[in-house]
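Since the structure comes first, as structure tokens, the remarks are kept for the end.
Predicted model, so just to flag it, every value in this text is computed and none were measured. Note that the numbering runs from 1 along the sequence shown for the chain.
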Amino acid sequence: MEIFLQLLINGILLGGAYAIISLGLTLIFGTVRVVNFAHGEFLMLAMYIIYLISTQFNVHPYASAIPAAIILFAVGALTQKVIIQPLLDADEHIQIFATVGLSTVLLNLALVIFGADLYQTYSETSAAILSIGPFSIVQGQVITFIVALILAVALHIFLHSTFLGRALRAVSQHRYAASLMGIDVKKVYVIAFGLGASFVGIAAGFLSPLYPVFPTLGTYFVLTSFVIVVLGGLGSLKGAFLGSLIIGIIDTLSSYYIAPDLKEVVYFGIFLVILVLKPTGLFGHKK
């Protein structure tokens, strides 16, 4: 029983890392209605930025998350403005191909600049082990989970209590009706894409001390994030957060009780079963 509880704690904390990434992906899709297949490469780019800032300027990775988030906001806004905006009226598969193309470009640029080597950002704060009774937890995972919770609450308050947040929600519900109400839809799209990308900048600051960065790093995280976003319900922030915790728990339990190499098979299988029973996801609604 003790081992099971330890795995449960580890899974919940792992879900916090997934949640930060998934919240950004959900915000982009919920507002712009574009599936950003370059989201994983945005994370990879952010983690290289964290590594460079930390090693070259001796800045703590957590503090490096602030400039990384600002840079990623600019990258996301530029992506929407230059790549997605001209394709808004095109077929959805054209928009998907555009983000896939951007993903390929970023991955290969990273290979050219950094090579295939692994780079690790070190932090004693993240690596420290906390002992609570019979349980041991990594301090970096606890901090990441707390940050994910704060970001989820802050995003909820922002979307429901500010003019810009309400504009984002209005555009997500019906962009043509929102434009008739005087909302600049294109500007809202740029901001939404930038905010969604900035979340991976923040995530990178807390994940860098826990995971090494390499060009294909984003592939693993983004595939898991897609499962989480669809599982929770496309566009649902609550679904993205709770879906992250569910996948985190499944990840750790299946790794221990079945096999580490088969954990993706387990949660993809559960994901398919849930979609068959509830195609809109756990917290999604039919349009």
Side-chain angles (χ1 to χ4, degrees), residues 7-33 35-36 39-40 42-43 46 65 69 72 76 137-138 140-162 165-166 168-169 172-173 192-207 210-211 218 220-254 263-264 266-268 270-271 274-275 278-285:
L7 293 171
L8 198 62
I9 293 170
N10 292 346
I12 292 172
L13 295 179
L14 176 62
Y18 290 149
I20 303 178
I21 303 168
S22 301
L23 285 171
L25 191 61
T26 299
L27 182 62
I28 291 173
F29 179 83
T31 306
V32 188
R33 296 294 168 183
V35 180
N36 180 25
H39 204 66
F42 283 179
L43 175 66
L72 264 293
I137 53 179
V138 180
Q141 290 185 319
V142 177
I143 294 171
T144 303
F145 181 82
I146 294 171
V147 170
L149 194 58
I150 292 171
L151 285 174
V153 173
L155 184 58
H156 177 80
I157 294 171
F158 168 74
L159 290 174
H160 289 81
S161 304
T162 67
R166 288 191 288 268
L168 285 166
R169 289 171 57 214
S172 71
Q173 290 172 12
F193 219 100
L195 282 175
S198 69
F199 270 69
V200 295
I202 296 171
F206 295 90
L207 291 178
L210 302 173
Y211 300 93
Y220 168 74
F221 279 102
V222 79
L223 284 176
T224 305
S225 296
F226 280 133
V227 171
I228 290 167
V229 169
V230 178
L231 178 66
L234 287 168
S236 170
L237 295 177
K238 178 176 70 174
F241 190 85
L242 294 178
S244 298
L245 301 186
I246 292 170
I247 293 300
I249 292 169
I250 293 172
D251 189 307
T252 54
L253 291 178
S254 57
K263 60 184 181 181
E264 288 91 350
V266 175
Y267 62 67
F268 268 105
I270 294 173
F271 163 73
I274 290 175
L275 282 189
K278 197 173 189 299
T280 56
L282 295 177
F283 300 94
H285 301 284

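- The nearest pair of heavy atoms linking S172 to T31 is CB-CA, 3.9 Å.
- Judged by distance alone, with hydrogens and angles left aside, the side-chain atoms of S22 form no donor-acceptor pair with the main-chain N or O of A19 at under 3.5 Å.
- Here the OG1 atom belonging to T162 is positioned 9.5 Å from the CZ atom belonging to R169, to the nearest 0.5 angstrom.
- Heavy atoms only, all atoms of each residue included: S244 and A240 are closest at OG-O, 2.7 Å.
- To the nearest 0.5 Å, atoms CD1 (I247) and CG (L242) are separated by 12.0 Å.
- Annotation: side chain of I228 is not in contact with side chain of L25 (no heavy-atom distance under 4.5 Å).
- Screening I150, I12, I20 against F145 for a side-chain contact (heavy atoms from CB on, under 4.5 Å) leaves a single residue, I12.
- Checked options L14, N10, L8; the residue passing with I249 is L8 (criterion: side-chain contact (heavy atoms from CB on, under 4.5 Å)).
- In this structure, CD1 on I270 lies 9.0 Å from CG on L231, to the nearest 0.5 angstrom.
- With rounding to the nearest 0.5 Å, the separation of OG in S198 from CZ in F193 is 12.0 Å.
- Here the CG atom belonging to N36 is positioned 11.5 Å from the CG atom belonging to L27, to the nearest 0.5 angstrom.
- Side-chain contact between L237 and F241 is absent, with no heavy atoms from C-beta onward closer than 4.5 Å.
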*Applying side chain to side chain contact (heavy atoms under 4.5 Å, CB included), run through F29 and V229 and close with a yes or a no.*
CA-CA 9 Å; F29 179 83; V229 169; 5.5 Å; no
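- In this structure, L168 and L159 have side chains that are in contact, with non-hydrogen atoms separated by less than 4.5 Å.
- S254 contributes a side-chain N or O that, together with a main-chain N or O of D251, makes up a donor-acceptor pair within less than 3.5 Å.
- With hydrogens and angles ignored, the 3.5 Å screen pairs a side-chain donor or acceptor of H39 with a backbone N or O of I21.
- Residues F42 and V222 fail the side-chain proximity criterion, which asks for heavy atoms closer than 4.5 Å.
- When every heavy atom of A197 is checked against every heavy atom of G76, the shortest pair comes out as CB-CA, 3.7 Å.
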*Could you go through the side chain to side chain contact (heavy atoms under 4.5 Å, CB included) check for F221 and V200 one step at a time?*
CA-CA 11 Å; F221 279 102; V200 295; over 6 Å; no
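- Between Y18 atom OH and T224 atom OG1 the span is 4.5 Å, to the nearest 0.5 Å.
- Counting heavy atoms from C-beta on, the side chains of L210 and Q141 come closer than 4.5 Å.
- Contact of the L72 side chain with the F199 side chain is not registered, since no non-hydrogen atoms from C-beta on lie closer than 4.5 Å.
- Here the closest non-hydrogen pair linking T144 and A17 is CG2-CA, 3.8 Å.
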